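First listed ligand is number 1; within each ligand, the first listed atom is number 1. Everything numeric here is computed off the predicted structure, so don't read it as measured data.
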Amino acid sequence: MTINLHIYNTLSRAKERFEPLAPPFVGIYVCGPTVYGDPHLGHARPAVTFDLLFRYLRSQGCKVRYVRNVTDVGHLENDADEGEDKLARKARLEQLEPMEVAHCYTERYHKAMERLGTLSPSIEPRASGHIIEQIELIKRILAAGLAYESNGSVYFDVEAYDKRHKYGVLSGRMLDEMRTGTRTLDGGGDKRSPYDFALWKRAAPEHIMRWPSPWSVGFPGWHLECSAMSVKYLGERFDIHGGGMDLMFPHHECEIAQSVAASGHQAARYWMHNNMITIDGQKMGKSLGNFITLDELFTGSHPLLAQPYSPMTIRFFILQAHYRSTLDFSNEALQGAERGLDRLMKGVATLRKITPSDDSSVDVGELERSYAEAMDDDLNSPMVISALFDWVRTINQLHEGMQRITAADLERLTELVERIVFDILGLRDEKASGADNLVAPLVEMILEVRSEAKAARDWAASDRIRNALAAIGVRVKDRKDGPSEWEVE
Ligand code: ZN
């Protein structure tokens, strides 16, 4: 099988042709959400990015196993080593069992992701359900001599690892540079070196989330869960590991070190990282007052928002930028996306109203080629959208009779546009979804009654129907040849 996809591999820092290890099977692991807070803008981008990859690979005939974890063992501030467990903190503040907190926010995350049109992953493993696998992984790293036990906790020995394998291959942060960059870090506590990270932490008496282990009653370090769960579900070697760029260091770097320490080789072949989201040019953060949850976006209930933005507007906005560029949220940019999406959806709907001709003055193959080329080029969704916009113009010209298309070409064009817009980009026509599905057949039925009235020269009845529809926001456009058209204002 041929898969048309070149991926920018963060590990090699180059675009590489994507070749699965065991085609048609493709294994993808993506770092999922931490579930101790409402899903926010920062969750939307990786979810939409890897949903696009998932959808595209499936359309190329791949059998994709898409694993996205849920971090429900609250990791600590400062990279899993110190500070307070965020999940436990939330549980304490809200007087809940930690798993109640995790459950509640997992549900909210699922709902938000569904509204954003992301497909459910193939497997969604939870860190708390894989403590045994994580303990086994620690044992292997200890056996390799690349971790040490200290006071009931187990730490990864970064210095020893670096001598044997080289630490920092993904982020390019070399240990030597890190050493010169940090002057007054004391080894502190149980760690031999400040660069070492926890594989297992002995639980302090007040720590609620705790499990037994050979070393102490405690909990696993944050980086461990992804190494353990990716290999469990995708094998010792798998195709693609994804996540946000903010996870590259230390999280993904530590994942690589853990895999190499335990098995002698890396697990993932391609690393893909989506770039970050800014808001009005600033990094999103609670302290900056620009932390926006997805619910606040959908309802417009945040002081920075001029209006609500629908889930599809957000999805379309994310897809309008390449996943490796930064994406700046502002009211102007979102309003632009809203208008763009509306224009695109109207274009798709207009396809159904085109009357075919005996010959074609347009080349449908051109859209096919631009789409294939853009997606092959590291999932270039903005190029796909720009090709679609060129075709919206053409579709309108076809509708107005300024261009011609045969019935066969029209069928091909309709199939192609709908496949790209709905199946690959994962957009949906929000104005025609849910209960609104009833609107179209009802309006068509009313217009049929009206055209009967017109045929019977009952102009009063015809006008009454037209005005009544206008009063509820349905604008009717009469055409000389053929049935009337309508649109919701
Ligand atoms: Zn992870």
What protein N/O/S atoms sit under 2.8 Å from the Zn ion (ligand 1), by chain and number? C31 SG, C226 SG, H251 NE2
Would you please say whether a donor-acceptor pair under 3.5 Å links the side chains of N275 and S325? no
Regarding Y66 and D51, is there a side-chain donor-to-acceptor distance under 3.5 Å anywhere? no
Indicate yes or no: does [X] engage [Y] in a salt bridge with an N to O separation below 4.0 Å.
X: E236; Y: R140; value: yes
X: K139; Y: E136; value: yes
X: R55; Y: D423; value: no

Of all residues at least two apart in sequence or in a different chain, which pass the side chain to side chain donor-acceptor pair (under 3.5 Å) check with K346? D342
